[in-house]
Amino acid sequence: MRIFLDTADPEEIRRAVAAGLIDGVTTNPSLMAKVAGDREPAELFLEICQAVDGPVSAEVVALDAEGMVEQGRRLAQIHDNIVIKVPLTEAGLGACRTLRGEDVSVNVTLCFSPIQALFAAKAGATFISPFVGRIDDIAGDGMELVGQIRQIYDNYEIDTQILVASIRHPQHMVQALMIGADCGTLPPKVLYQLLKHPLTDRGLDAFLADWKKLGRDL
Ligand code: E4P
């Protein structure tokens, strides 16, 4: 399963890459707005692509298919690893179909139902992004949706990759792995929650305390 970092912050990306924790990055307009400052979006996307050797999702902000395709074509020129993110709307699916016809990778985002995921696959989506946390937020079951999409894609041998998004806590990630999702995107906070374990820290402290008693260096 590929792990992506859900951020537009190049420093966070470089940190996670240095530890070998991530295979790519997802951004969205809110994440971009948080860190862009004076930088042009294209400049920031390029910096992100230079920081990680893997897919980098860059989202369009137009609402009509023509505008999305035009923005998608421009974003795709920034770097070979750019994946164009389009919303799961009628226009977004149209843009997905056009961009896929030009061999541009597309992540269809804001997916909240299994049939939406089927439509995205029929439009040729490279990735489908079900938003599990936002479904849980309204008292639904986000992981149930991921399971349904997995089953439907397997039943019909659909090769669109399931990219679990809006992951809010470590358990979401474990469940996504058990279901057999292809990728998950994690905010930095959850990535490091997954890495850390109190028994690892406690074990290391004990080893080093014992070693100190020996009074030698390696
Ligand atoms: C995914 O591509 C989105 O950027 C992200 O996972 C949304 O997460 P949120 O619901 O925590 O904002």
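Residue indices begin at 1 and follow the sequence shown. Note: hydrogens, waters and symmetry copies are ignored here, and every other heavy atom, side chains too, is used. Since this is a predicted model, take the numbers as computed values, not measurements. Just follow the structure's listing: the first ligand is 1, and inside any ligand the first atom is 1.
Taking the side chain as every heavy atom from C-beta outward, M68 and T89 approach each other to under 4.5 Å. Counting heavy atoms from C-beta on, the side chains of L21 and I3 never come closer than 4.5 Å.
A cation-pi arrangement is found for R15 relative to Y192, the charged atom lying closer than 6.0 Å to the ring centre and inside a 45° cone about the ring normal.
The backbone N or O of C183 lies less than 3.5 Å from no partner atom in the side chain of Q161, so there is not a single donor-acceptor pair. In this structure a side-chain-to-backbone donor-acceptor pair under 3.5 Å is missing from N81 to V56.
Remark: E70 CD is packed, more than 12 non-hydrogen atoms of other residues, nucleotides or ligands lying under 6.0 Å away.
Listed by chain and residue number, the protein contacts of ligand 1 are D6, T26, N28, K85, F131, R134, A165, S166, R168, T185 (heavy atom within 4.0 angstrom).
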